[in-house]
Each structure stands twice: as structure tokens, then as C-alpha cells.
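Right, one structure below, let's go through it.
Numbering starts at 1 and runs along the sequence shown. Any value given below was found using the heavy atoms of this structure, including those in side chains, with hydrogens, waters and symmetry copies removed.
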Amino acid sequence: MADRYPDFATLAAAHDHGKDYRITVQDRGTRVVILAPHGGMIEPETASIARAVAGDDLSFYLFEALHAGAHGDYHITSHRFDEPRALALVAGADTSIAIHGRKDDGTDTVWLGGRDEIQRDAVGDALRVAGFGAALNTALPGVHPSNICNRTRSGTGVQLELPRSLRRSLSQDATMMARFSTALRAAISAAGLDGDGATRPA
């Protein structure tokens with residue numbers, strides 16, 4: 001379904017923050033940012049998964065639609081997602097991991113995309129070790145330079161697409177959610193991305 005709005009400014013002019021949508025930003029100065037740009041009612045459970053991965057120490061950003069509706073009502077395609085606070089947070093980090101949702105396709109496989117191929121592959125390896133399916137995303141590769149996950153200082157990031165069945169299972173099973181988030185954090189930690197390496201403007 002096509003997006004109703006071409007960019008954030010158009011969406012914001014038609015809807016109210018706190019009533020129709022919610023933005024949550026935690027800048028903890030880490031080299032990686034965890035993103036859920038299609039949270040809330042757009043791609044359910046992606047925001048809670050992003051929070052779990054970020055934990056108490058990683059920077060994260062959530063955009064959540066607060067009302068049910070057609071998928072395109074609050075969805076802004078990733079390469080046109082230009083909400084100012086998201087852009088500012090991501091621009092100060094070396095890379096990012098964006099959590100997205102997709103329709104069920106009969107598997108629980110996580111699709112891996114984004115321009116940060118090294119980190120993408122490391123995340124895939126960590127997920128498989130933890131017992132999750134992971135495969136390269138050929139349908140939605142997330143390699144557009146303007147994709148919000150790639151608008152980092154390095155121009156690269158990682159995009160994960162989780163089927164609804166997996167998102168539902170993670171939201172209902174705390175042990176499974178911990179195993180998933182621990183796997184992602186292991187890949188982040190191995191790359192040294194959980195430390196403070198970003199240069200912040202004064």
C-alpha cells in the first residue's frame with residue numbers, strides 16, 4: 001500500500017504528536033543507534049523489540065503510530081523517513097540497526113539488509129547461533145543511501161525485517177525476547193559499537 005504522506009513534515013501537519021503518534025529519543029552517545037521508524041500500529045511490536053535491544057545503555061529512536069488504520073496512514077518509506085530527531089540521532093552515530101516488520105510468509109526468518117555489510121553479516125551469524133533463522137533480504141535490501149538506517153556518519157547501517165509471527169512470539173515470550181536481544185547485542189559488542197565514539201556538536 002502506498003504511503004499517504006511523502007515525508008514527515010506533511011504527516012506532522014495533518015496529525016498531532018502525543019495524540020496520533022509518539023516519538024521517543026534516547027541519545028546515550030553510543031556508536032550505534034537502534035531504530036524502530038515504523039512502530040506502534042504500523043508494524044506492531046517493532047518498538048518493543050528495539051527497546052529490548054537498546055536496553056539501558058544504547059541510543060535508540062522510536063516512531064509509533066497510536067491509532068489503527070491502513071498500513072500507509074502513518075508509514076513513511078525508509079528512504080523518505082526524514083523526521084528531524086531521527087536524522088540528528090543517526091547522523092551522530094557510526095552505524096545503526098533498524099527493526100522493521102513484514103507480513104508472514106510461513107517462516108520466522110529474519111531478513112538482513114542495509115549498507116553495513118560487515119555488521120549485517122555479524123548480526124546474522126549471532127542470530128543463527130542463538131537459534132533464529134536469518135537470511136539476506138533480496139526483496140527489501142535497505143541499501144538506498146537515504147534509508148534512515150544508512151544516514152549515519154559512515155553512510156551505512158543494518159535493516160532487519162521480522163515477520164509478524166516472530167514479532168508476536170518475541171512480545172509474548174520474555175525468554176525468547178532476551179535471547180534475541182542478547183544475540184544482537186553480542187554482535188554490537190563484538191564490533192565495539194556499544195561504547196561512546198560519536199562526535200557530538202556543541
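Cluster annotation: I188 and L127 are assigned to the same hydrophobic cluster (Ile/Leu/Val/Met/Phe/Trp/Tyr, side-chain heavy-atom contacts under 4.5 Å, transitive). The hydrophobic cluster containing F180 also contains V32, counting ILVMFWY residues as joined when their side-chain heavy atoms lie under 4.5 angstrom apart, directly or transitively. Residues L184 and L35 fall into different hydrophobic clusters, defined by Ile, Leu, Val, Met, Phe, Trp and Tyr side chains chained together at heavy-atom separations under 4.5 Å. Follow the hydrophobic side-chain contacts under 4.5 Å out from I34 and you reach L166 in the same cluster. In this structure, M176 is a member of the same hydrophobic cluster as V53, with clusters built from ILVMFWY side-chain heavy atoms closer than 4.5 Å.
Between the side chain of S96 and the main chain of A98, no donor-acceptor pair closer than 3.5 Å is present. Side-chain atoms of T152 come within 3.5 Å of backbone atoms of G155 as a donor-acceptor pair (strictly under, hydrogens ignored). Distance alone, capped at 3.5 Å, places no donor-acceptor pair between the N147 side chain and the V143 backbone.
Between the CD atom in E43 and the OH atom in Y74 there is a gap of 15.5 Å [rounded to 0.5 Å]. Taken from CZ in R4 to CG in L11, the straight-line distance is 9.5 Å, to the nearest 0.5 Å. Distance CD1/I97 to CD1/I99: 7.0 Å, rounded to 0.5 Å. In this structure, CG on D94 lies 11.0 Å from CD on Q119, to the nearest 0.5 angstrom. To the nearest 0.5 Å, atoms CZ (R151) and OG (S78) are separated by 11.5 Å. Remark: T46 OG1 to L162 CG distance equals 9.0 Å, nearest 0.5 Å.
Judged purely by distance below 3.5 Å, without hydrogens or angles, the side chains of Y61 and Q26 never pair a donor atom with an acceptor atom. T30 and S59 share a side-chain donor-acceptor pair at under 3.5 Å.
Applying the side-chain contact (heavy atoms from CB on, under 4.5 Å) criterion to R51, with sequence neighbours excluded, gives T24, F60, L62. Listed by chain and number, the residues in a ring pair (Phe, Tyr, Trp, His ring centres under 6.0 Å) with H100 are H38 (sequence neighbours excluded). Residues that satisfy the salt bridge (Lys or Arg N to Asp or Glu O under 4.0 Å) test with E45, not counting sequence neighbours, are R164. The side-chain contact (heavy atoms from CB on, under 4.5 Å) check on T10 picks up Y5, P6, D7, with sequence neighbours excluded. For D125, the side-chain contact (heavy atoms from CB on, under 4.5 Å) test picks out R128, with sequence neighbours left out. A search for side-chain hydrogen bond (donor to acceptor under 3.5 Å, both in side chains) contacts involving R179 returns nothing, not counting sequence neighbours. Checked against ring pair (Phe, Tyr, Trp, His ring centres under 6.0 Å), H144 has the following partners two or more places apart in sequence or in another chain: H79. Scored by the salt bridge (Lys or Arg N to Asp or Glu O under 4.0 Å) test, D57 finds R185 as partners (sequence neighbours excluded).
Residues D20 and L66 fail the side-chain proximity criterion, which asks for heavy atoms closer than 4.5 Å. A 4.5 Å side-chain heavy-atom check between R85 and I23 finds at least one atom pair inside the cut-off. In this structure, the side chains of L112 and V158 stay at 4.5 Å or more apart for every pair of heavy atoms. The shortest side-chain heavy-atom distance between I148 and L87 falls under the 4.5 Å cut-off.
The shortest heavy-atom contact between A126 and A183 is CB-O, 3.3 Å. Here the closest heavy-atom approach between residue A91 and residue R153 is recorded as O-CG, 2.8 Å. Closest heavy-atom contact between A52 and S181: O-CB, 3.7 Å. In terms of heavy-atom proximity, G114 sits nearest to C149 at CA-SG, 4.4 Å.
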(request) Verify side-chain contact (heavy atoms from CB on, under 4.5 Å) between T95 and R31, making sure each step is shown before the conclusion. (result) CA-CA 7 Å; T95 193; R31 294 177 58 204; over 6 Å; no
V110 vs E161, side-chain contact (heavy atoms from CB on, under 4.5 Å): CA-CA, chis, key distance, verdict:
CA-CA 6 Å; V110 177; E161 295 274 351; over 6 Å; no
List, one per line, each side-chain donor-acceptor pair under 3.5 Å for residues 131-141, sequence neighbours excluded.
unit_1	atom_1	unit_2	atom_2	d
N137	OD1	A139	N	3.1
N137	OD1	L140	N	2.6
N137	ND2	L140	O	2.7

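Sequence neighbours left out, the pairs with a member in residues 102-114 that pass salt bridge (charged side-chain N to carboxylate O under 4.0 Å, His left out) are R102-D105. For residues 165-175, no residue pair satisfies the salt bridge (charged side-chain N to carboxylate O under 4.0 Å, His left out) rule, not counting sequence neighbours. Applying the salt bridge (charged side-chain N to carboxylate O under 4.0 Å, His left out) rule to pairs touching residues 110-123 yields nothing, sequence neighbours excluded.
Taking the six-membered ring for Trp and the full ring otherwise, the centers of H67 and Y21 sit at least 6.0 Å from each other. Checked against the 6.0 Å centroid criterion, the rings of F81 and F8 do not qualify as a close aromatic pair.
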